[in-house]
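On a predicted model such as this, the values are computed, not experimentally measured, just so you know. We name chains A, B, ... by the order of the sequence lines, and we start the count at 1 in each one.
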There are 2 protein chains.
Amino acid sequence: MTQRKVISFETIRVACKNCTLSQLCLPMGMSPEDVDRLDSIVKRSRPLHRGDHLFRSGERFRSLYVVKTGSVKTYTPSEEGGEQVLGFHLPGEIIGLDAIDQDAHACSAKVLETSAICEVPFQRFEELAASIPSLQHSMFRLLSKEIGHDAEMLLLLGKKNAEERLAAFLVSMSQRLSKRGLSPTDFYLSMSRHEIGNYLGLAVETVSRLFTRFQDEGLVKVDRKHVEILDLHSIETIAGAAQAAGSRKHSN
Amino acid sequence: MTQRKVISFETIRVACKNCTLSQLCLPMGMSPEDVDRLDSIVKRSRPLHRGDHLFRSGERFRSLYVVKTGSVKTYTPSEEGGEQVLGFHLPGEIIGLDAIDQDAHACSAKVLETSAICEVPFQRFEELAASIPSLQHSMFRLLSKEIGHDAEMLLLLGKKNAEERLAAFLVSMSQRLSKRGLSPTDFYLSMSRHEIGNYLGLAVETVSRLFTRFQDEGLVKVDRKHVEILDLHSIETIAGAAQAAGSRKHSN
DNA sequence: AACCCAGGTTGACATGCATCAAGGGTAAAT
DNA sequence: ATTTACCCTTGATGCATGTCAACCTGGGTT
C-alpha cells in the first residue's frame, strides 16, 4: 500500500466515476462497473492552453473530446481567414460528433482558456457502446440533443433579430453554467465579442452596442468579459420573443 | 404456392432488401440477413397525402420515420401560426432524430405530396442496433451526418446573403435528387416559395425576385414549381462564395 | 363559363444592421 | 515603466432585404 502508484492522485482526480460531470457526460445512467469500462478507454492529457487546437478541419477523425474544465470553441475555417463559429463548449459537452459520418473533421476546435480535455477513441467507444445498452442509448441521446440544439440555432439565425439573439445567448450561457453548479447570473465569458458576433451572425459592433443597451436598460452589468445578469426574467422574455407581436418577420 | 399470401406483392415492393434506397438508408453496409432483421421491425402504412402529419410537436417519441417516396417538411410551430422550417426530406432521409433526447418531438413533420413512409419503432431499433455493430455504426453516422448538415445550414444562415442562400438551396436539391437517380438539372419542387423562404431565412418576395433574377441571368428556367438548371456550375460558384471577395461580412 | 382563391410576382418604400472610421482601455511583452 | 497590440466602444453612413400593397395567374369549384 505504501508502494502505490505515484499517479494515484492524478487518477482519482480525473476518473469518470469521481468526475462531477458524470451526470452531464457520457456516464449518464451507467452502472459503476460500466463506468469503469468506459473510464479505461478514456485518455487524458496535460491541460491545454488558450489557442491550442484539439483538432483541425480536414484531419482524420479518431476520437471524440469532452471538455472537463475550461471551454472550447468549434468553427469552420474558410479560405481567407474567415470563419463561422459553430459553438462554445463547456464542461461535460462533447466535441467532434460531426466528424463521425465523414471520418474526418469538418470543423476545427480551439481552446478558449486553459482547459482539461478527455479524449475518447471512437473505435473503442463503439465496441463498448455495442456491449453496454445504456451507453449506446446515452450516445444516441447526446447526438440527438446536438441536433435539437442546432435546430434552436437555426431558428435563432433564421428568425430572430439582433437583440433576441444576444438575449438568447445570455440565457443559454446562464442555464448551462447553472447546470454546472456555477452562478446563473454572474460569470465570465471566455470568448471575445468578435466570436460572439460571429456565432450569432452579427457584427462585432452590433454585439457591443447591444451589451451597452442592455446595460443602459438595467438588464445586465457588463465589464469586459464579466457579465452580471440583473434581470434574467426580462432577458428570457426578449430571447423567446421570436414570433411575438411586433416581430412579424416570415409570420406566414 | 397458389395459396400464398395476398400481401406478398406489397411485401416484395417495400421490403428493405428490395428497396432502391437501401444504400442511402439505414441498411447501408449491412448483411442481407441483418437487413431482414431490420426489415422485420419496420412498419409500413398506406400512402400519406399532402398536409398529413407524421407527428406533431409535443407528441411522445416512439418511432423514427424514413421517407420512401415523396417528400416531407419538418418545422417548429410557434404560437400565432408562425413557424421555422427546419428541413425538406427526400426519399431515404430519416425524420425524428431530434426527438430521441427528450423522448418527445420538438418539431412537426408534414407531408408535402403523396408519400410513402417507413416507420421504425425506436425501442426495437435500439435493441437491434446493440446486436448489429454495422447498424449501430450506420446510426451513429446518420446522426453525425445530420449534425454536419445543420452546421452547413448555420453557416448559410449566419454568413451568406440571399443570393448565396437560394443558390445553395438549388445545389442541395440538385445533388440530393441526383443521388436518387433523378435529373440534377430538371425537377419539380414540392414546397412553396413561402416554405423555401422560411427555410432560408428570407421573405417570400425575396425568393421570388431571386428566381426571376437567376432566370434573367440565364442560370435557370423556372415555371412555378418546375425548375430547370441551365448553368449549374455558376450556381455552385454563387452558393460557395461565402467568404469570397466582395462579401466581407464578418470576415475577421 | 364565370368565379374564386391561394400562391406567386413585381414595385415602392422603410429600416435594421453591416460597414467604415476613429478613439480609448487593458493586458501582455519588452 | 513603456510599448505594443488587441479588443472594445461609439458615431456616421449606406445598403440589402424586409414590409406593404397591388396585381397576376392557374387550378379547382359551382
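Contact detail for A:E113 and A:G70: the closest heavy-atom pair is OE2-C, 3.5 Å. The two atoms that bring A:L97 and A:L142 nearest to each other are CD1-O, 4.4 Å, heavy atoms only.
Between the P atom of D:dC8 and the CG atom of A:L210 lies a distance of 14 Å, rounded to the nearest Å. Rounded to whole Å, atom P of D:dC7 lies 12 Å from atom CG of A:L112. Between A:M191 atom CE and D:dC7 atom P the separation is 14 Å, expressed in whole Å. Atom-to-atom, CG of A:D216 to C1' of D:dT10 comes out at 12 Å; the value is rounded to the nearest Å. Between the CD atom of B:Q215 and the P atom of C:dT10 there is a distance of 9 Å, rounded to whole Å. If you take NZ of B:K159 and C1' of C:dA18, they are 12 Å apart, rounded to a whole angstrom. As a whole-Å value, the separation of A:E205 CD from C:dC17 P is 14 Å. The distance from atom CZ of B:R193 to atom C1' of C:dT10 is 14 Å, rounded to the nearest whole Å.
Residues A:T76 and A:Q84 have side chains that never bring a donor and an acceptor to within less than 3.5 angstrom of each other. With 3.5 Å as the limit, one finds a donor-acceptor pair spanning the side chains of A:S234 and A:D231.
A salt bridge between B:E83 and B:K73 is present, with a side-chain N of the basic residue lying under 4.0 Å from a carboxylate O of the acidic one.
Nearest nucleotide to the A:N161 side chain, out of C:dG8, D:dT17, C:dC17: C:dC17. Looking at the side chain of A:L202, the nearest of the listed nucleotides D:dT9, C:dA18, D:dC20 is C:dA18. Considering only side-chain atoms of B:V204, the nucleotide from C:dT9, D:dC8, C:dT10 that sits closest is C:dT9.
For residues 160-192 of chain A, the ring-ring contact (aromatic ring centres under 6.0 Å, His included) pairs, not counting sequence neighbours, are A:Y188-A:H226.
If B:T206 and A:T212 are placed on DNA chain D by their nearest nucleotide, the residue sitting closer to the 5' end is A:T212.
Direction of the helix axis in the helix from C:dA1-D:dT30 to C:dT30-D:dA1 shifts by 40° between the two five-pair termini, rounded to 10°.
Under the ring-ring contact (aromatic ring centres under 6.0 Å, His included) criterion, B:H53 pairs with no residue, sequence neighbours left out. Qualifying ring-ring contact (aromatic ring centres under 6.0 Å, His included) partners for B:H105, counting only residues two or more places apart in sequence or in other chains: B:F55, B:F61.
Of the inter-residue distances, the one linking B:D186 atom CG with B:E228 atom CD reads 4.5 Å to the nearest 0.5 angstrom.
Only A:K225, listed by number, bring a heavy atom of residues 217-232 of chain A to less than 4.0 angstrom from any atom of DNA chain D.
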Check residues 173-181 of chain A and write down every donor-acceptor pair under 3.5 Å in which the side-chain atom is one partner and the other belongs to a residue at least two apart or another chain.
{"from": "A:S174", "atom 1": "OG", "to": "A:P184", "atom 2": "O", "distance (Å)": "2.7"}
{"from": "A:R176", "atom 1": "NE", "to": "A:E93", "atom 2": "OE2", "distance (Å)": "3.1"}
{"from": "A:R176", "atom 1": "NH1", "to": "A:S172", "atom 2": "OG", "distance (Å)": "3.4"}
{"from": "A:R176", "atom 1": "NH2", "to": "A:F88", "atom 2": "O", "distance (Å)": "2.5"}
{"from": "A:R176", "atom 1": "NH2", "to": "A:E93", "atom 2": "OE1", "distance (Å)": "3.0"}
{"from": "A:R176", "atom 1": "NH2", "to": "A:E93", "atom 2": "OE2", "distance (Å)": "3.4"}
{"from": "A:R180", "atom 1": "NE", "to": "A:P91", "atom 2": "O", "distance (Å)": "2.5"}
{"from": "A:R180", "atom 1": "NH1", "to": "A:R176", "atom 2": "O", "distance (Å)": "2.8"}
{"from": "A:R180", "atom 1": "NH2", "to": "A:P91", "atom 2": "O", "distance (Å)": "3.0"}
{"from": "A:R180", "atom 1": "NH2", "to": "A:E93", "atom 2": "OE2", "distance (Å)": "3.4"}

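Not a single donor-acceptor pair, N or O on each side, falls under 3.5 Å between the base of C:dC17 and the side chain of A:E163. Side-chain N/O atoms of A:E195 and base N/O atoms of D:dC7 include no donor-acceptor pair closer than 3.5 Å. Residue side chain B:R209 reaches the base of D:dT19 through a donor-acceptor N/O pair under 3.5 Å, judged by distance alone.
If you check every strand for non-hydrogen atoms under 4.0 Å, B:S192 touches sugar and phosphate atoms only.
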